[in-house]
Amino acid sequence: MNPGVPDFDTVNQPALTITSMTRDINPFESLQEQIDDAAAHVDAGDDVIERLKNPERVLEMNLTFERDDGTLETVRAYRSQFNGDRGPYKGGIRYHPAVSRDEVKALSGWMVYKCAVVDIPYGGGKGGIVIDPTEYSETELERVTRAFATELRPLIGEDRDIPAPDVNTGQREMNWIKDTYETLENTTAPGVITGKALDSGGSEGRVEATGRSTALAARETFDWIGDSIEGKTVAVQGYGNAGSVAAYLLEDLGADVVAVSDSSCGIYDSEGLDATAVKEHKARTGSVAGYGDVDVLTNEELLTLDVDLLVPAALENAVDGDLAAEVRADVIAEAANGPLTPRADEVLADRDVWVVPDIFANSGGVTVSYFEWVQNRQRFHWTEERVNEELERLITDAFGGIVDAYETHDLPNLRTAAYVVAIERVADAYEQGGNWP
Ligand code: NAD
């Protein structure tokens, strides 16, 4: 066993409960702090920066839908449209009991700067329903999704606001939203939503895109610091869409994925897991628990493992300042949105840990969503090869821009550098348009 790893229980014992993430840190305040950190290095007035720290509008909805037993249930939902200076609002839809107004506001703001850092012509939005989807049948989820789409209909549109998948939503929900919108509008508008199934107008490579950009971002970072991703050990927190794909693509790049987790538990094998086999096991059983002859980890043990690369791919605030002091990875590539608190950033920068920021590392999802939207508008279908090539080009170009800002402005970390690039682009677009009305 790796000497840096505590003596964990073996897997066939009951899975350990993962301690919940630090949810008391308000993600919207984290976003605003990140913008403030970068604003000092951006050529834009305080009045413009103030505008860029707050959403343009947030819609709060109460959705009433029918349960399978005929009773009615009402749940809260939100859509935040943060900024549209560079194009239509764009961002995912999350189904989770912890969805809140401030979480949606933060996530919509991160989308603005994510789209700007990879230079795609979108603003940022985000939505969510306060619901635990595991407690509902598929027909109930369809009804609540169609209720949500009906409420969203006046707000969204191919040139207005384009939702996409996020935590606990995927192709199925996107197909329902597209169908509801098209039926109510009596039109064909596949570009109203992205992340659809291929036969409903989806793009090749979309499902893998977030994990792919995370893996590419990690590769670029190791190259930039004069090292290589090859042979590096990796721990992935959150083995859903983003995390599991990042894991097997990192393996393809020559890294060794030694630990992964989901909300049931973490698993560890110093010899390296088989990321694809773990993904298949989770698809079959619903969790990573019970996979093969491995050790079981708690959430905290996984995040502080002695690995070269840590990939947080679950939810916000996974690592706070205290935990950051215990992290032993050299590089952290944020597949999730907002997994590190601002205090964690400070501690990690002091400890010379490279953090590849979410607005860049996980931007593959929205980038291939953009490709999907372009294909929808053109009524044309790209090959998977073309999608992946274009994605790699945008990711490597964006990394060049971030590194350039980091070196030119002598910035404390890559996150601030990414925000400097992004805020300059949004501020320029706003100032070129002028303040009207
Ligand atoms: P998902 O629902 O497919 O996966 C989330 C995973 O995290 C699940 O396996 C869940 O069990 C796990 N998880 C939840 N709580 C956990 C905990 N406390 N410890 C360990 N694991 C936990 O969601 P996803 O689409 O992969 O999204 C994950 C993150 O990536 C989110 O922050 C999301 O905003 C971000 N993201 C997703 C996309 C995308 O295209 N799907 C794009 C950009 C960013």
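Only heavy atoms go into these numbers, but all of them, side chains included; no hydrogens, no water, no symmetry mates. Because the structure is a prediction, the values reported are computed rather than measured.
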For Leu394 and Asp119: C-alpha separation, side-chain torsions, deciding distance, then whether side-chain contact (heavy atoms from CB on, under 4.5 Å) applies.
CA-CA 8 Å; Leu394 288 192; Asp119 209 4; over 6 Å; no

Crowded around Gln378 CD? As in, over 12 foreign heavy atoms under 6.0 Å?
yes

Would you check if Ile156 and Pro163 make a side-chain contact, meaning some heavy-atom pair closer than 4.5 Å?
yes

When you check the gap from the basic side-chain N to the acidic O, do Arg219 and Asp252 get nearer than 4.0 Å?
no

Whether the Asn362 and Glu334 side chains hold a donor-acceptor pair (N or O, under 3.5 Å, no angle test) is what I'd like checked.
no

Got a second to check how far Glu346's CD is from Leu340's CG, nearest 0.5 Å?
12.0 Å

Distance check, rounded to the nearest 0.5 Å: Glu280 atom CD versus Tyr291 atom OH?
9.0 Å

When rounded to the nearest 0.5 angstrom, what distance separates CZ in Phe360 from OG in Ser213?
7.5 Å

Find the distance between OG (Ser80) and NZ (Lys126) and round it off to the nearest 0.5 Å.
10.5 Å

Lys/Arg-Asp/Glu bridge criterion (N-O < 4.0 Å) met for Arg67, Glu73:
yes

Note: Arg146-Asp179 ion pair, threshold 4.0 Å (strictly below):
yes

With a 3.5 Å distance limit and no angle check, can you tell me whether Asn83 reaches the backbone of Leu52 through a side-chain donor-acceptor pair?
no

Is there a donor-acceptor contact under 3.5 Å from the side chain of Glu390 to the main chain of Val387?
no

Side-chain ion pair, Arg393 and Glu389, N-O less than 4.0 Å
no

Looking at Tyr239, is Lys282 sitting on its ring face, NZ or CZ under 6.0 Å from the six-membered ring centre and within 45 degrees of the normal?
no

Less than 4.5 Å apart, side chain to side chain, heavy atoms only: is that true for Val75 and Val130?
no

Value for CD1 (Ile402) from CG (Asn413), rounded to nearest 0.5 Å, stands at 11.0 Å

Does Arg94 pair with Glu316 as a salt bridge, N-O distance under 4.0 Å?
yes

Starting from the C-alpha separation in whole Å, work towards a yes-or-no answer on side-chain contact (heavy atoms from CB on, under 4.5 Å) for Ile193 and Tyr181.
CA-CA 10 Å; Ile193 197 151; Tyr181 180 86; over 6 Å; no

If only side-chain N and O atoms count, and only distance matters, is there a donor-acceptor pair under 3.5 Å linking Asp68 with Thr139?
yes

Considering non-hydrogen atoms only, spot the tightest contact between Ser30 and Ile25 and give its length.
OG-CG2, 3.8 Å

Does the Arg86 side chain pair with the main chain of Ile120, one donor and one acceptor, at a distance under 3.5 Å?
yes

How are the rings of Phe28 and Phe82 set to each other: parallel, tilted or perpendicular (split at 30° and 60°)?
perpendicular

Glu372 (side chain) donor-acceptor with Arg206 (main chain) under 3.5 angstrom:
no

Check: Asn62 side chain, Thr74 main-chain N or O, donor-acceptor pair, under 3.5 Å:
no

For Thr233 and Asp308, which I'm curious about, is there any donor-acceptor pair between the side chains at under 3.5 Å?
yes

Is any side-chain heavy atom of Tyr89 less than 4.5 Å from a side-chain heavy atom of Arg160?
no

So, the side chain of Gln375 versus the backbone of Phe371: is there a donor-acceptor pair under 3.5 Å, distance only?
yes

Do the side chain of Arg351 and the main chain of Val327 share a donor and acceptor less than 3.5 angstrom apart?
yes

Under the 3.5 angstrom rule, does the side chain of Ser287 hit a backbone N or O of Ala289 as a donor-acceptor pair?
yes

Hey, is Arg57 close enough to Asp161 for a salt bridge, meaning N to O under 4.0 Å?
no

Separation between CZ (Arg328) and CG (Leu303), nearest 0.5 Å, reads 12.0 Å

Exam field: side chain Lys196 to backbone Pro190, donor-acceptor pair closer than 3.5 Å:
yes

When you measure from the side chain of Thr285 to the backbone of His281, do you find a donor-acceptor pair of N or O atoms at a distance under 3.5 Å?
yes

